[in-house]
Amino acid sequence: MEISVEALTKAQAEAELARLADLLAKANHAYHAEDAPEISDAEYDAARRRNAEIEARFPDLKRADSPTDQVGAGPDEGFGKIPHAVRMLSLGNAFEDEDVAEFDSRVRSFLGLPRNAPLAYTAEPKIDGLSLSLRYENGRLTQAATRGDGAVGENVTANARTIKDIPQQIENAPETLEVRGEVYMSHADFEALNSRHAERGGKTFANPRNAAAGSLRQLDATITAARPLRFFAYAWGALSAPLADTQMAAIDRLKQLGFQTNPLTRLCRSTRELIDHYTSIEAQRATLGYDIDGVVYKVDDLALQARLGFRSTTPRWAIAHKFPAETAWTRLGAIDIQVGRTGALSPVARLAPVTVGGVVVSNATLHNEDYIAGRDSKGSVIRDGKDIRVGDWVQVYRAGDVIPKVADVDLSKRPDDARPYDFPTTCPECGSDAVREEGDAIRRCTGGLICPAQAIEKLKHFVSRGAFDIEGLGARQIEMFFADETLPIREPADIFTLRERDAQNLARLKNRDGWGDTSAENLFAAIETRRKDIAFDRVLFGLGIRHVGEAAARDLARHFATWQGLEKALDRARPAAMAHRRADLAEETERRRATSEGRRARIKPMRETAFNIEPVEADALDSWNELIAIDGVGPALALSLSDAFANPRERASIDRLIALLTIQATEAPTDDSPVAGKTVVFTGTLEKMTRAEAKARAEALGAKVSGSVSGKTDLLIAGPGAGSKARKAADLGVEIIDEDGWIVLIGGL
DNA sequence: GTGCCTCGAGTTCC
DNA sequence: CTCGAGGCAC
């Protein structure tokens, strides 16, 4: 018999660790290399767990070759990255009962179900912890990954193996099964852990969620083993065989496989029942023994879930009904103005520190000028029109339990001398005029690159993750280099001349505080890696041009393929862009004049006036039209892009950068779906799926769905009752198929 | 002209 | 995470 871990002497523990290390190493080798396990999975798991427990009790005895540190086939370096086979998405939120009713209507209208047709949902508590994806191959746990950004998570396999609710081995499971759920800590375990830490003078956690997060993300799995983490399973990712036909049955199946599932999961047959269950869970909230922050509703029928599919970041078939956020009152000490990369002036509330939902908050966003004054962007009254003043007592909450916001003001506590806030009309960073354009909620600094705040924020954006993502050159380093006198980085091109300038400099980087030979060389090497090989869309996104985010940059890069292609198109389109800009200005001047004269003049839309002012040559017009014909690119984006390239100062900075880089041309995505890259049009009545569903499926397969038939149309799907579109398509020689043909083409419903 | 939907931009705290 | 606004379909 094994001696219990608590009873082991130190010498016994040391011998035991050696034995277990040997045993597990052999078992690992047998399993991975020879595919012939020498011990049963249960024995393997028990050995692994015992090893972790002994290490937790005698941390100083932990071996250099500790099995805890070895994950599956390879060692775990820090936290490796694991791409999710099926993306881990977040959920849409509902706050009011009406939001739940709207969710139900959205689902029904997407599926083409009448209002009174039966439609069942599951409802379960939303655990406030961290989501985790567990991969089982042939019943054995092989990988555990955090959510990460949804596409790629962190490898926390060694840590997950120490959690008792997570089985190492499951029977009668599909060959491949990814189980998803929430890691959390109970209230009781959290209190005990904190008092244990407090006794030892260690740091305590602010709340169970942080404690669970901190425990799971330990590099040393023996620490995780000593922390009382738990796990509820509620979903799945990749599967080699379906678990069940319904959500409810799938959850039952997970339970049979040995996972903990939440006992408050219910099947509900109407929004009324959903709300009732929500109310019931809310009433039990305080006595559950663990934190929850709402109730999750899911369409029960998995076939319907599949039809509903996903929007860009959330599934259409589920929603989180959140409990009202916790609020707190505190005093507003000051209002500061921050200047963003596009020059936006954002007011930030400096608050007397106050605890909201287990976190101490001392800053909160005030959105914009109108929000402070008590209006929303459309001019409607908010907070009963109460404005926010320095010195006021304000109510703070954390939107989505994350972002602190000021919700309300207590007028009865307003100091006599409190004055309405005067929003600055000049930039606090550079003194340039800060202007608010017609219809815009945001006031912006007009200083452009002259404004140090804008320059530095642009640089931070340039090195950010979606752009150049240079290791060792984050926001902190950018601030440091921006202020540097001998080795400054004031614009993106400066990054790529850093090494050369450093070499010419007496005050070398490696001799500075916090820097050495290795760190300086690592930085130069990281910069060089990106300089030699960077994707076109990343460069474009990195420039930080207004309206050009990641998606738009990708679309533009795909369309133009090369930097020179884009540059030429913009230069050619410039006269048309300038005509638009002038027409814009003329329109605004006209509106001002009309308003000042007290007339309600009817203003012509921009496009009608634009070319009345100044005819533009056909070449420029063509280029402009090519630009705004790109999916997702409209006049606002095209104008902003054109402006950036037309501004001499900005263009020079861009040219200096481009001259230093080797940019990869972008190829159109290759997709093997038969409709990928095709433009398709639906007409007539679809009987097997709704319009919205057909469109979503087509887009998911890489097709572009258009509303009208033109020369660019590749395929028309015509249902019964098709009329003029079908005739036009026939005239143009466009391929026409019926709904059944379409369903065959896309590989079934 | 109106109403989604997606994307961009700005934000806090650990 | 949220809000605003651009883009696009209806």
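Order of the sequence lines sets the chain letters (A, B, ...), proteins ahead of strands, with each chain counted from 1. These figures come from a predicted structure and were not determined experimentally.
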A:Lys322 meets the salt bridge (Lys or Arg N to Asp or Glu O under 4.0 Å) criterion, sequence neighbours left out, with none

Taking only residues at least two apart or on different chains, which pairs with a member in residues 633-645 of chain A satisfy side chain to side chain donor-acceptor pair (under 3.5 Å)?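 Sorted pair list: A:Arg581-A:Asp643.
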
Where at least one partner belongs to residues 350-360 of chain A, residue pairs that pass side chain to side chain donor-acceptor pair (under 3.5 Å), sequence neighbours excluded: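 For residues 350-360 of chain A, and leaving out neighbouring residues, the side chain to side chain donor-acceptor pair (under 3.5 Å) pairs sorted by first residue read A:Asp336-A:Arg350, A:Arg350-A:Asn363.
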
Mind checking whether A:Leu111 and A:Arg307 have side chains closer than 4.5 Å, heavy atoms only? yes

Check your understanding: Can you tell me if the side-chain N/O atoms of A:Asn93 get under 4.0 Å from OP1 or OP2 in C:dT2?
Key -> yes

Notebook entry, point to check: Any side-chain N or O of A:Lys405 under 4.0 Å from OP1/OP2 of C:dC1?
Noted result: no

For nucleotides 8-11 of chain B, list the nitrogen or oxygen atoms of the protein found under 3.5 Å from its nitrogen or oxygen atoms, one pair per line.
from, atom 1, to, atom 2, distance (Å)
B:dG8, OP1, A:Gly549, N, 2.9
B:dG8, OP1, A:Gly549, O, 3.4
B:dG8, OP1, A:Ala551, N, 3.4
B:dG8, OP1, A:Ala552, N, 2.9
B:dG8, OP2, A:Glu550, N, 3.4
B:dG8, OP2, A:Ala551, N, 3.3
B:dA9, OP1, A:His547, N, 2.7
B:dA9, OP2, A:Arg341, NH2, 2.8
B:dG10, OP1, A:Thr342, N, 3.4
B:dG10, OP1, A:Thr342, OG1, 2.5
B:dG10, O3', A:Ser346, OG, 2.8
B:dT11, OP1, A:Gln338, OE1, 3.2
B:dT11, OP1, A:Ser346, OG, 2.8

Residues that A:Phe462 engages under ring pair (Phe, Tyr, Trp, His ring centres under 6.0 Å), provided they are two or more places apart: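 With sequence neighbours excluded, A:Phe462 shows a ring pair (Phe, Tyr, Trp, His ring centres under 6.0 Å) to A:Phe468, given in chain and number order.
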
Test ring pair (Phe, Tyr, Trp, His ring centres under 6.0 Å) applied to A:His367 - qualifying residues, sequence neighbours left out
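If we apply the ring pair (Phe, Tyr, Trp, His ring centres under 6.0 Å) test to A:His367, skipping adjacent residues, the hits are A:Tyr371.
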
Of all pairs that satisfy ring-ring contact (aromatic ring centres under 6.0 Å, His included), the ones with a partner from residues 88-110 of chain A, not counting sequence neighbours: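 Checked against ring-ring contact (aromatic ring centres under 6.0 Å, His included) - neighbours excluded - the pairs reaching residues 88-110 of chain A are A:Phe103-A:Tyr121.
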
Residue pairs passing the ring-ring contact (aromatic ring centres under 6.0 Å, His included) test with at least one member in residues 322-354 of chain A, sequence neighbours excluded, are A:Tyr278-A:Phe323

Sub-3.5 Å pairs of nitrogen or oxygen atoms, protein against nucleotides 8-10 of chain C:
from, atom 1, to, atom 2, distance (Å)
C:dC8, OP1, A:Gly632, N, 2.8

Task: Euclidean distance, atom CG of residue A:Leu366 to atom P of C:dT2 [Å, nearest integer] - done: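 In whole Å, C:dT2 P lies 17 Å from A:Leu366 CG.
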
Whole-Å distance, A:Arg316 CZ to B:dC5 P, equals 8 Å

